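Data first, discussion second: the structure below is written as structure tokens.
Just so it is clear, the structure is predicted and the values come from calculations on it, not from any experiment. All residue numbers refer to positions in the sequence shown, counting from 1.
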Amino acid sequence: MAKKNVVITGGAKGIGKAICEKFAKEGYDIIIVDFDEAGMLETKKELESNGTVAHAVKCDISNLDNVKEVAKLVEKEYGYLTTLVNNAAIAPGGDPKEISLDPAVFARTMNINVNGPYNMIISLIDLLLKAKDKDQVPSVVNVASTAAFSGGGGSVAYAASKGAVGSMTGSIARFFGDTGLRINAVAPTLIMTPLMAERFKDDPQGLEDRKKTVPLGRFMDVTEVADIVYFLNTPSFIHGEVVIADGGRSLSV
């Protein structure tokens with residue numbers, strides 16, 4: 001049986017790294033795609049130390065020519081792709097009103113958060129469909145956000161970009177389902193990442209106040225996001241869905 005493989009964007013740290021570790025545990029070869037070269041290589045080293053075959057490609061996913069280099073590596077090393085996980089994204093920081101009215105912030109956020117996943121999909125879809133020749137079910141899993149539904153996320157740009165990711169997921173599911181390609185998305189919220197910890201390091205009360213908005217009384221862990229991504233990747237009749245994972249937070253809105 002052909003070895004399963006996965007391309008994971010934003011795999012250097014946080015959620016992406018946890019997704020790399022989850023797929024590695026399940027026996028996949030890992031292709032890490034990230035703009036953070038140092039972090040990406042460190043993740044690659046850690047995966048290899050545990051016996052996983054790992055590759056690393058520095059890439060600006062908003063640049064289609066960069067993304068085509070990822071496709072070339074997958075073509076050369078495997079000739080097919082089992083799974084694509086579009087995780088990489090940015091979340092602009094600052095005053096929500098101020099940054100929401102900044103066209104440069106909006107353009108950059110959309111370029112990375114929307115054009116990025118789109119570039120990855122159109123560049124890798126042929127390799128994904130070739131996985132069927134290996135008796136595999138090709139799959140794409142996008143990482144969206146509950147900001148797509150709540151309008152939160154700290155800026156208009158971020159909320160709009162994640163809404164677009166959800167819409168893109170459904171549209172590709174509709175138009176390409178008959179090819180055998182499955183696609184779904186997860187929409188998490190309030191995840192305890194290094195970025196979250198850094199953001200609230202001088203505001204512990206603010207962190208506690210946010211936690212109180214979640215009925216489960218805690219933040220989501222990056223490993224829980226990774227578990228859902230892997231579940232959505234597993235061959236099933238789930239297709240075109242955006243699965244909300246918010247600890248019941250939407251119930252209190």
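Asn115 and Asn111 are linked by a side-chain donor-acceptor pair at a separation below 3.5 angstrom, with hydrogens and angles left out of the test. Judged purely by distance below 3.5 Å, without hydrogens or angles, the side chains of Thr82 and Asn5 pair a donor atom with an acceptor atom. Between the side chains of Asn142 and Asn86, at least one donor N or O lies within less than 3.5 Å of an accepting N or O. No hydrogens or angles considered: nothing links the side chains of Asp246 and Thr189 as a donor-acceptor pair under 3.5 Å. A donor atom on one side chain and an acceptor atom on the other are found under 3.5 Å apart for Ser62 and Asp60.
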Subject >> Val105 and Ser155: CA distance, side-chain angles, deciding distance, side chain to side chain contact (heavy atoms under 4.5 Å, CB included) verdict >> reply: CA-CA 9 Å; Val105 170; Ser155 71; 5.6 Å; no
Subject >> Intermediate values then yes/no, side chain to side chain contact (heavy atoms under 4.5 Å, CB included), Phe35 and Cys59 >> reply: CA-CA 5 Å; Phe35 196 68; Cys59 178; over 6 Å; no
Original post:
Given Lys58 and Asp34, is the side chain to side chain contact (heavy atoms under 4.5 Å, CB included) satisfied, shown in steps?
Top reply: CA-CA 5 Å; Lys58 183 177 181 180; Asp34 208 302; over 6 Å; no
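Under the 4.5 Å side-chain criterion, counting only non-hydrogen atoms from C-beta, Val85 is not in contact with Val7. Residues Val140 and Ile172 have side chains not in contact (no heavy-atom distance under 4.5 Å, counting atoms from C-beta outward). Between Leu81 and Thr83, the closest side-chain pair of non-hydrogen atoms is not below 4.5 Å. Looking only at side-chain heavy atoms (C-beta outward), Leu64 and Ile122 come within less than 4.5 Å of each other. Within the 4.5 Å cutoff, the side chain of Thr234 has no heavy atoms near those of the Ser236 side chain. Looking only at side-chain heavy atoms (C-beta outward), Thr213 and Leu190 come within less than 4.5 Å of each other. Between Ile61 and Asn119 there is no side-chain heavy-atom pair separated by less than 4.5 Å.
Counting only residues at least two apart or on different chains, the salt bridge (Lys or Arg N to Asp or Glu O under 4.0 Å) pairs with a member in residues 112-140 are Glu75-Lys130.
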Which pairs would a plain distance check flag for residues 14-32, meaning a side-chain donor or acceptor within less than 3.5 Å of a matching protein atom at least two apart in sequence or in another chain?
residue, atom, partner, partner atom, Å
Lys17, NZ, Glu46, OE1, 2.9
Lys17, NZ, Glu46, OE2, 3.3
Lys22, NZ, Glu26, OE2, 3.3
Tyr28, OH, Asn233, ND2, 3.1
Asp29, OD1, Lys3, NZ, 2.6
Asp29, OD2, Tyr78, OH, 2.8

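For Leu127 against Ala71, the heavy-atom pair with the smallest separation is CD1-O, 3.5 Å.
A salt bridge does not link Lys45 with Glu48: every distance from a Lys NZ or Arg NE/NH1/NH2 to an Asp or Glu carboxylate oxygen is 4.0 Å or more. Salt bridge present: Glu224 and Arg218 bring a charged side-chain N and a carboxylate O closer than 4.0 Å.
Within a 6.0 Å sphere centred on NZ of Lys13, other residues, nucleotides and ligands contribute 12 heavy atoms or fewer.
Linking ILVMFWY residues whenever their side-chain heavy atoms come closer than 4.5 Å, directly or via other members, places Ile238 and Val225 in the same cluster. Hydrophobic clustering keeps Val114 apart from Tyr158 (ILVMFWY residues linked when any side-chain heavy atoms are closer than 4.5 Å, directly or through intermediates).
Side-chain atoms of Ser171 never come within 3.5 Å of backbone atoms of Met168 as a donor-acceptor pair (strictly under, hydrogens ignored).
A distance of 10.0 Å separates OG1 in Thr169 from CG in Leu232, rounded to the nearest 0.5 Å.
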